[in-house]
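Shown next, in structure tokens, is the structure this report addresses.
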Amino acid sequence: MSRAALLVLADGRFPAGGHAHSGGAEPAVAEGRVLDADSLADFCRGRLHTTGLTAAALAAAAAHGLDPLTLDEAADARTPSPALRATARRLGRQLMRAARATWPSPELDALAAARPRGAHQPVVLGLTARSAGLDPVDAADCVAYETVSGPATAVVRLLSLDPFHATAVLARLAPELDRVADQAAEAARQGIDALPTASAPLLDITAEAHAAWPVRLFAS
């Protein structure tokens, strides 16, 4: 296992397409629910312990070696918003392209062939971590970090928030990121039926509204 591989996979410059997505932050800013560093921290914390936990467990399960096609179906069942399902598959397709170029593997090839329009991004990420020689906790850590770093970066752009303050939010959340990753990996060890189903209904509702905006800065 290479610890450097985790840094490459979690790097915001890894060409997986995440920079174009706000993780629900754009509608939250528009509605006045995120307006400074404190409210950003609340938003990120809520996202981490709901959809973040669910996505991290799916990634950990894929890294653990559970069937990615079954996990992809489980991800569909845990994503009630059509807009978010489409986003997850779009991101999964982009990540798959980057992953196969970086850490080629027969497992990635098989999933790409079975899901040509894209599998859910956390499932692809978990399989990518597996191909890179990382373990389930690494995969869960990467997803947990993405869950909060994406909105934090988006809010810097949306509000001109001081990037030092946004980074401080992420740093203060670090112990919770570790706990969520450990919880996700433990669930993955117990099998698909034990994976979390935590959701965030407000994110689902605002995602549907955001998808219909005629003008927006972020794709989601």
Side-chain angles (χ1 to χ4, degrees), residues 2-57 59-60 84 87-88 90-91 94-95 98-99 102 121-122 125 128-129 132 134 137-185 198 200 202-204 206-207 209-210 213 215-220:
S2 169
R3 304 306 303 176
L6 178 58
L7 298 178
V8 173
L9 185 57
D11 192 333
R13 291 162 293 189
F14 190 72
H19 65 279
H21 298 264
S22 77
E26 186 168 24
V29 167
E31 295 171 1
R33 291 184 288 108
V34 173
L35 44 82
D36 54 20
D38 289 340
S39 52
L40 171 62
D42 291 339
F43 178 88
C44 289
R45 180 173 289 108
R47 195 167 189 266
L48 173 64
H49 289 283
T50 54
T51 58
L53 171 61
T54 299
L84 290 181
T87 294
R90 189 159 57 245
L91 285 169
Q94 176 66 21
L95 174 58
T102 309
Q121 192 263 4
L125 191 146
T128 300
L134 300 171
V137 174
D138 291 326
D141 261 320
C142 190
V143 170
Y145 179 69
E146 284 184 350
T147 296
V148 297
S149 63
T153 301
V155 169
V156 169
R157 295 169 64 185
L158 290 162
L159 289 177
S160 296
L161 183 70
D162 188 330
F164 293 165
H165 293 165
T167 301
V169 167
L170 299 180
R172 288 194 295 270
L173 285 171
E176 293 179 57
L177 294 176
D178 290 340
R179 288 195 293 271
V180 165
D182 289 342
Q183 185 179 350
L202 186 56
L203 287 179
D204 295 326
T206 57
H210 183 265
W213 286 10
V215 178
R216 56 183 187 262
L217 183 60
F218 292 93
S220 70

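Along the sequence shown, residues carry numbers from 1.
- Arg90 is listed as a side-chain neighbour of His21, based on a closest heavy-atom distance under 4.5 Å.
- At least one donor-acceptor pair under 3.5 Å links the side chain of Thr54 to the backbone N or O of Ala198.
- Scanning both residues, Asp141 and Ala181, for their nearest heavy atoms gives OD1-CB, 3.3 Å.
- To the nearest 0.5 Å, the span separating CZ on Arg47 from CG on Asp42 amounts to 15.0 Å.
- Taken to the nearest 0.5 Å, the OG1 atom of Thr206 stands 7.5 Å off from the CG atom of Leu84.
- Interatomic distance, Leu48 CG to Thr147 OG1, rounded to the nearest 0.5 Å: 6.5 Å.
- Among Thr102, Leu125, Asp138, the one residue that satisfies the side chain to side chain contact (heavy atoms under 4.5 Å, CB included) test with Leu9 is Leu125.
- Closest approach of Val156 and Pro163 over heavy atoms only: CG2-CA, 4.1 Å.
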Show the atom names and distances, to 0.1 Å, of all donor-acceptor pairs under 3.5 Å that link a side chain in residues 26-36 to residues at least two apart or in another chain.
unit_1 : atom_1 : unit_2 : atom_2 : d
Glu26  : OE1    : His210 : NE2    : 2.7
Glu26  : OE1    : Phe218 : N      : 3.0
Glu26  : OE2    : Leu217 : N      : 2.8
Glu31  : OE1    : Arg33  : NE     : 3.0
Glu31  : OE1    : Arg33  : NH2    : 3.1
Asp36  : OD1    : Asp38  : N      : 3.3
Asp36  : OD1    : Ser39  : N      : 2.9
Asp36  : OD1    : Ser39  : OG     : 2.7

- Message: Could you go through Leu91 and Leu95, starting from their C-alpha distance and side-chain angles, then the distance that decides it, and tell me whether this counts as side chain to side chain contact (heavy atoms under 4.5 Å, CB included)?
- Response: CA-CA 6 Å; Leu91 285 169; Leu95 174 58; over 6 Å; no
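- Applying the salt bridge (Lys or Arg N to Asp or Glu O under 4.0 Å) test to residues at least two apart or on different chains, none of the pairs has a partner in residues 145-162.
- Of all the heavy atoms in Ala166 and Leu161, the pair that sits closest is CB-CD2, 4.1 Å.
- Checking side-chain atoms of Thr51 against main-chain N and O of Ala200 turns up no donor-acceptor pair under 3.5 Å.
- Taking both residues in full, the closest heavy atoms of Val155 and Ala25 are given as CG2-CB, 3.9 Å, listed atom of the first, atom of the second, then distance.
- In terms of heavy-atom proximity, Ala184 sits nearest to Ala140 at CB-CB, 4.0 Å.
- Separating the OH atom in Tyr145 from the CG atom in Asp11 is a distance of 9.0 Å, to the nearest 0.5 Å.
- A distance of 10.5 Å separates CG of Leu40 from CZ of Arg45, quoted to the nearest 0.5 Å.
- Here the closest heavy-atom approach between residue Gly23 and residue Leu203 is recorded as O-CD2, 4.3 Å.
- Taking NE2 from His19 and CZ from Arg13, the interatomic distance works out to 14.0 Å, rounded to the nearest 0.5 Å.
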